[in-house]
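Each remark here refers to the structure printed beneath this line.
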Amino acid sequence: MFGHVFINGKIVIENKAKIQVRDRGFLYGDGLFETLRSYKGFIFMLDAHLQRLFHSLKVLKYKIYFDKEYIENAVNKTVKKNNLSAGDTYIKIIVTRGIHSGDLHFDKNYKPNIIIFADSLTPYPEDDYTKGINIISSSVIRQAAGSPIYLHKLLNYFENIFAKDEAHYKGAQEAIFLTRDRLVLEGASSNIFFVKGNTVYTPPLTQNILPGITRDVVLNICRENGIKVRQRKIHYRDIINADEVFKTSSVAGIVPVRKINRYAITGEIPGKITTKIMKLYLSKVELSNLH
Ligand code: PDD
């Protein structure tokens, strides 16, 4: 049964939704996307996601002929048209630079295409949250810092799906990117945290990582609840010797990790601090749902 998608101002049945083959998102991955989810009809952190999207559109010189309200209305219309206003929904917003006309540089005349999907969300297995997941380190080695690319959620996501494939074939649920010096950056589709003693650690945004919305929510939860939190470079040995490790993303939320490659986390899974943060995160979701 085909759902309805939003494409450039219209809501159309999915199998009728067409984009031209010279679209730069298709040709070069020249486009941005946001993945969000709703809880019982309430889209969590929508503003933060739109903030990140519009920041990247500006920095990467896309022609912004629409505003946040336009996208917000389009998201709500797409969710409604798919009768998903009451449930848990997986939402993807895509903005490509537009139809290629020969110049590879970021010509301001390229008119972006906007596509929005809204699907009923398939929750991750309960075991992921109660027993934890396995993660591996990807063979893709990243530069530690200074790349202007990783700060943006780009359609050019091949490194990430390559790493996911590596994880899949090793029976793991996520892959993490390391640098040559074995610094831990982020997951293929998540940010990474570890706990040692009573302190929570995560890499700083000066490193080549996506400024995750959920990462930010967790940092605020720690600050608001007196949980010591440090943003500092993380070495691989830190996480394999950690008391607790967890990953964060908008769709999955906070997911405890039980094994990193062949190293099992010895402590309780999820650990006490991860459990506390998971509870506080869900109450933040509930709370924001009330407003
Ligand atoms: N991935 N890092 C990367 C490379 C990501 O792709 C994602 C999100 C994150 C977490 O960001 P956020 O908390 O804003 O979701 C970090 C999304 C879920 C995706 O796979 O589409």
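Atoms within a ligand are numbered from 1 in the order they appear, just like the ligands themselves.
When hydrogens are left out, the protein atom nearest atom 1 (N) of ligand 1 is Lys153 NZ, 3.1 Å; that is the closest non-hydrogen contact. Ranking protein heavy atoms by distance to atom 12 (P) of ligand 1, first place goes to Ser250 OG, 3.4 Å. Given atom 10 (C) of ligand 1, the protein heavy atom at minimum distance is Asn191 OD1, 3.6 Å. Scanning all protein heavy atoms for the shortest distance to atom 21 (O) of ligand 1 gives Thr35 OG1, 2.6 Å. Atom 13 (O) of ligand 1 has Thr214 OG1, 2.6 Å as its closest protein atom, hydrogens excluded (heavy atom only). At the top of the distance list for atom 11 (O) of ligand 1, counting protein heavy atoms only, stands Gly212 CA, 3.6 Å.
With hydrogens and angles disregarded, a donor-acceptor distance shorter than 3.5 Å links the side chain of Glu186 to the backbone of Leu210. Checking side-chain atoms of Asp243 against main-chain N and O of Gly197 turns up a donor-acceptor pair under 3.5 Å.
Under a 4.0 angstrom heavy-atom cut-off, Tyr157 registers as being in contact with ligand 1. For the ligand labelled ligand 1, residue Ala188 lies inside the 4.0 Å heavy-atom shell.
Near Lys92, meaning under 4.0 Å from one of its heavy atoms, ligand 1 places the atoms 21 (O). Set against the non-hydrogen atoms of Glu186, the atoms of ligand 1 under 4.0 Å away are 2 (N), 3 (C), 4 (C), 16 (C). Remark: ligand 1 atoms within the under-4.0 Å shell around heavy atoms of Thr248 are 10 (C). Counting the atoms of ligand 1 from 1 in the order shown, those under 4.0 Å from a heavy atom of Gly187 are 4 (C). Heavy-atom proximity to Phe33, at under 4.0 Å, picks out these atoms of ligand 1: 21 (O). Listed by number with element, the atoms of ligand 1 under 4.0 Å from a non-hydrogen atom of Asn160 are 4 (C).
Cation-pi contact between Arg37 and Tyr39: present, with separation from the ring centre below 6.0 Å and deviation from the ring axis of at most 45°. Judged by the 6.0 Å distance and 45° axis criteria, Lys196 is not positioned over the aromatic ring of Tyr201. Figure legend: cation-pi geometry between Arg182 and Tyr236, with NZ or CZ positioned under 6.0 Å from the six-membered ring centre and within 45° of its axis.
Contacts between Ala252 and ligand 1 below 4.0 angstrom, taking non-hydrogen atoms only, are absent altogether.
Between Tyr150 and Phe177, the ring centre distance reaches or exceeds 6.0 Å.
For Arg232, the CZ atom is densely surrounded, since the number of other residues' heavy atoms within 6.0 Å is greater than 12.
For Gly132 against Arg258, the heavy-atom pair with the smallest separation is O-NH1, 2.9 Å.
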Between Phe44 and Tyr281, is the ring pair (Phe, Tyr, Trp, His ring centres under 6.0 Å) condition met? List the steps. CA-CA 11 Å; Phe44 190 54; Tyr281 183 80; 5.5 Å; yes

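Of the charged side-chain nitrogens involved, at least one lies within less than 4.0 Å of a carboxylate oxygen, so that Lys284 and Glu224 count as a salt-bridged pair.
Looking at residues two or more places apart in sequence or on another chain, you find no ring-ring contact (aromatic ring centres under 6.0 Å, His included) involving Tyr62.
Ligand 1 has a nitrogen or oxygen under 3.5 angstrom from a nitrogen or oxygen of Arg52. Residue Ile213 has at least one nitrogen or oxygen atom sitting less than 3.5 Å from a nitrogen or oxygen atom of ligand 1, judged on distance alone.
Scanning Gly253, Ser189, Pro211 for the heavy atom closest to atom 7 (C) of ligand 1 points to Ser189.
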